[in-house]
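Below: one structure, written as C-alpha cells.
Note on naming: letters A, B, ... go to the chains in the order of the sequence lines (proteins, then strands), and numbering restarts at 1 for each one.
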Amino acid sequence: MRLSRYFLPVLKESPRDATIVSHQYMLRAGMIKQSSAGIYSWLPLGFKVLKRLEQIVHEEQERAGHIAIQMPTIQSADLWRESGRYEAYGDEMLRIKDRNGNDLLFTPTAEELVTDIFRSHVASYKSLPMTLYQIQWKFRDERRPRFGVMRGREFYMKDGYTFDLTKEAAMHSYNRHLVSYLRTYERMGLQAIPMRADSGPIGGDDTHEFLVLAETGESEVFYDAAVTDLSFGNRVIDYDDVAQCADVMKEFTSKYARTDETHDAALFNTIPADRRRSARGIEVGQIFYFGTKYSNAMGATVQGPDGKPTLVHMGSHGIGVSRLLGAIIEASHDDKGIIWPEGVTPFHVGIVNLKQGDVDADSACQSLYDSVAALGLEALYDDRNERAGSKFGTMDMIGLPWRITVGPRGLKNGVVEVTSRKTGENEEMPPEQAIAKIGEIYRVHGLGNGQLK
RNA sequence: CGGGGCGUGGCGCAGCCUGGUAGCGCAUCUGUUUUGGGAACAGAGGGUCGAAGGUUCGAAUCCUUUCGCCCCGACCA
C-alpha cells in the first residue's frame with residue numbers, strides 16, 4: 001500500500017478521552033474512531049490488525065479440529081426464556097422489539113442458539129465430540145465501558161462450544177482448548193497465563209481465564225514467578241491425544257496462578273517468597289466446563305451406545321479478539337508508539353523514501369515495494385512528499401516491526417537501511433539483502449512465501 | 001448505579017467569573033523556498049460554541065431542563 005493512497009488519520013496529540021496507552025495509541029495511529037460509549041468504528045489500520053488476529057484464531061481453531069459457523073447477532077428472546085437467562089441476564093443484555101412487538105436481543109453470548117442448532121441436527125453419540133465456534137460481534141451493555149476496545153460494549157469475540165458424551169470427554173475438550181489457546185496467544189506475540197478463575201453468570205465448575213500481564217490490567221492477579229518461564233513454543237501436539245493435552249494442561253496450570261476472585265492467600269504463601277508475584281492482568285480469554293446446564297434446560301440429548309437419550313456435556317470457550325488489540329499494545333509499545341509483534345502487524349515492513357521525487361530514490365523504493373510483494377508480504381510505502389522526521393514519526397507511531405529507509409545518500413553507496421522498531425537497531429545493506437532479511441524474518445514466523453524473485 | 005469532571009472547526013485548548021456577535025496551536029488547501037528525526041514564510045478554507053427553553057436591546061458567557069462523553073468505585077470477554 002502506498003501511504004499517499006491510504007486512509008491513515010494519524011494524530012499528533014492524544015484525544016483527551018483516552019487515558020491508557022493502548023487507547024491513546026489506537027486513536028493516534030488512526031486505528032479506531034469512537035462512535036458512542038464503548039462502540040467503535042474500525043479504520044483501515046485497526047481493521048487490518050483485527051482481521052489478522054481473527055485469521056490466527058481461525059487457523060488455530062481449525063488445527064484443533066473445531067468447526068466454524070456463524071450465528072446471528074440478533075436473536076429471538078424465546079430460546080433465552082427456555083434457558084431462563086432472558087430474565088437472569090439483567091441490564092447487560094440489549095433488548096430490542098421488532099415491528100410486530102416480538103422480543104429480540106443483541107447476542108451477548110450464544111450458548112442458547114448453539115445448543116438449539118445442536119439439538120436440531122445431532123442425534124447420535126457417534127457425532128461426538130463436536131466443537132462449533134464462531135467469531136462474531138457481541139454486545140453487552142456494560143455499566144461503564146472504558147479504555148477503548150479493552151472494555152467496549154460492542155466487541156468481537158471468538159466463542160466456541162463443545163459437545164461431549166461424558167464429563168471425561170468434555171474435560172479433554174477443555175484441555176484441547178487450553179492447548180490451542182496457548183498456541184494462539186503465542187503466535188500473537190503474547191504471553192497469556194491460564195489462571196484459575198470464577199465462573200460468573202454463565203455458570204460452571206471448571207474455568208480458567210487467560211491473562212496478559214500489564215500495568216493497566218483490570219484484574220488483580222497472584223502467581224508463582226515460575227509460570228512466566230513456561231512457553232508452548234513449537235512443540236507438535238496431537239489434539240486427539242487425551243494424555244498429551246492433559247499433560248500440557250497440567251504443565252501450565254499446576255503452578256499457582258489465580259485472579260483475585262479465587263485467590264487463596266494461605267496457599268499462595270506456601271510458594272517461596274522470592275517467587276511470589278502480585279500484578280495486574282488483562283483477561284483475553286476464558287475456558288469453561290459447565291456440564292449439562294444448558295443441555296438439560298434445553299433438552300439437548302444424543303442417543304448413547306445403549307440406545308438411550310443422554311444429555312450432552314458442554315463447555316464454552318472464548319477469546320476476546322477486539323480486546324486483544326488493546327492487550328497487545330499494552331504489552332508492546334514505547335514512548336514513540338506501538339510496536340507490533342511480527343505475527344499480527346498490519347503491514348510487514350514500512351518503506352520510507354527520504355527524498356520523494358528523486359529519481360533514484362523513487363525507483364529504489366518501487367523496486368523494494370515490488371520485491372516485498374513478491375515475498376507474499378505487505379509493505380506500507382510512505383511516498384508522501386513529507387520530510388524525514390514526519391515519515392519516521394508516522395512509522396514509529398503505527399509500529400510496523402521493520403522499516404527500510406531509502407535515501408540518495410545511502411543509494412550512492414548502494415545501500416538502504418533496515419531498522420528494527422523494537423530495538424532501534426539500524427543496519428545498512430544493499431536492497432537485495434534487505435529483502436532477503438525481511439523474507440527470512442517472516443519465514444520464521446510462518447508468514448509470506450519466503451521466496452525471492 | 002453512587003461520586004467527580006467535561007462538551008467551543010478534524011485533534012489539543014483559550015474565551016465564560018465581569019453578556020457586546022468567536023480566538024490560538026496542530027492538521028488541511030494554495031504558492032515559494034526547503035528536504036536524513038515531526039521545516040520556514042505568505043495567503044486561504046472550515047465552527048448555528050452538545051440540544052431545547054428562558055432572561056436580555058443583545059447569550060459561548062447568566063438561569064432552567066435535557067442529551068452525550070470521560071474518570072474513580074461497585075459489576076464484567
Compute both the distance and the angle, then confirm whether A/Arg277 meets the cation-pi test with A/Tyr223: under 6.0 Å from the six-membered ring centre, within 45 degrees of the axis. no

Taken to the nearest whole Å, NZ/A/Lys391 to P/B/G37 is 13 Å

Whole-Å gap separating C1' (B/C26) and CG (A/Leu27): 17 Å

Report the distance from atom CD1 of A/Ile319 to atom CE of A/Met157, rounding to the nearest 0.5 Å. 10.5 Å

Distance check needed: B/G38 P versus A/Arg403 CZ, whole Å only. 13 Å

Between B/C17 and B/A60, how many Å separate the two P atoms, rounded to a whole number? 12 Å

Is there a Watson-Crick or G-U wobble partner for B/C16 with both distances under 3.5 Å, and if so, which one is it? none

Measure CE/A/Met150 against C1'/B/C70 and give the value in whole Å, please. 16 Å

Give one of base, sugar-phosphate or nothing for A/Phe147, where a contact means two heavy atoms less than 4.0 Å apart. sugar-phosphate

Looking at B/G12, does its base get a donor-acceptor pair with the side chain of A/Arg28 below 3.5 Å? no

Nucleotide forming a Watson-Crick or wobble pair with B/G68, both distances under 3.5 Å: B/C6

With a cut-off of less than 4.0 Å, is there a side-chain N or O of A/Arg144 near OP1 or OP2 of B/C75? no

Go nucleotide by nucleotide along RNA chain B from the 5' end; which of A/Glu428 and A/Tyr156 gets its closest nucleotide reached first? A/Glu428

Would the A/Phe288 and A/His317 ring centres measure less than 6.0 Å apart? no

Within a reach of under 6.0 Å around NZ of A/Lys48, are more than 12 heavy atoms found that belong to other residues, nucleotides or ligands? yes

A/Gln191 side, atom CD; A/Ile193 side, atom CD1 - distance, nearest 0.5 Å: 5.0 Å

Interatomic distance, A/Leu354 CG vs B/G37 P [rounded to whole Å]: 9 Å

Rounded distance in Å between the P positions of B/G47 and B/A22: 12 Å

A/Gly407 near the nucleic acid: base, sugar-phosphate alone, or nothing, with a heavy-atom cut-off under 4.0 Å? base

Can you tell me, in whole Å, how much space there is between the C1' of B/U61 and that of B/G7? 15 Å

Given the C1' atoms of B/U21 and B/A40, what is the spacing between them in whole Å? 35 Å

Nearest to the side chain of A/Ala37, which nucleotide is it out of B/C75, B/G37, B/C69? B/C69

At less than 3.5 Å, do the side-chain atoms of A/Ser36 and the base atoms of B/G68 form a donor-acceptor pair? no

Quick check on B/A27: is either OP1 or OP2 less than 4.0 Å from any side-chain nitrogen or oxygen of A/Lys12? yes

Within 45° cone and under 6.0 Å: A/Arg119 NZ/CZ vs A/Tyr294 ring: no

Strand partner of B/A60, provided both Watson-Crick or wobble distances fall under 3.5 Å: none

Scanning all shown strands, the Watson-Crick or wobble mate of B/G43 with both distances under 3.5 Å is B/C29

What does A/Asp91 touch in the nucleic acid at a heavy-atom separation under 4.0 angstrom: a base, only the sugar-phosphate, or nothing? nothing

I'd like to know if the side chain of A/Tyr185 reaches the main chain of A/Val284, judged simply by a donor and an acceptor atom lying under 3.5 Å from each other, with no hydrogens or angles considered. yes

Between B/G25 and B/A14, how far is it from one C1' atom to the other, in whole Å? 11 Å

Can the ring centres of A/Phe268 and A/Tyr256 be said to be less than 6.0 Å apart? yes

Residue whose nearest RNA chain B nucleotide is more 5′ - A/Val321 or A/Asn426: A/Asn426

Using a heavy-atom cut-off of under 4.0 Å over every strand shown, decide if A/Gly152 touches base, sugar-phosphate, or nothing. base

Gap between atoms CG and P, on A/Asn385 and B/U33 respectively (whole Å): 13 Å

In Å, rounded to the nearest 0.5 Å, how long is the span from CD of A/Glu378 to OH of A/Tyr369? 8.0 Å

Give none if B/G37 has no partner; otherwise give the nucleotide forming a Watson-Crick or G-U wobble pair with it, both distances under 3.5 Å. none

Expressed in whole Å, how much space separates the C1' atoms belonging to B/C75 and B/C62? 40 Å

Using whole Å, report how far CG of A/Asp334 lies from C1' of B/G37. 14 Å

Please report the distance, rounded to the nearest Å, between CG in A/Asp335 and P in B/G37. 18 Å

Select base, sugar-phosphate, or nothing to describe what A/Arg384 touches, counting heavy atoms under 4.0 Å on all strands. nothing

Establish, with yes or no, whether the OP1 or OP2 oxygen of B/G68 is under 4.0 angstrom from a side-chain nitrogen or oxygen of A/Gln34. no

My understanding is that only residues two or more places apart in sequence, or in another chain, count here; which of them pass ring-ring contact (aromatic ring centres under 6.0 Å, His included) with A/His58? A/Tyr133

Nucleic acid footprint by protein, nucleotides 5-11 of chain B - heavy-atom cut-off 4.0 Å, B for base, S for sugar-phosphate alone: -S----B

I'd like the P distance from B/C63 over to B/G46, given in whole Å. 33 Å

Take atom C1' in B/U48 and the same atom in B/G43, then report the distance between them in whole Å. 27 Å

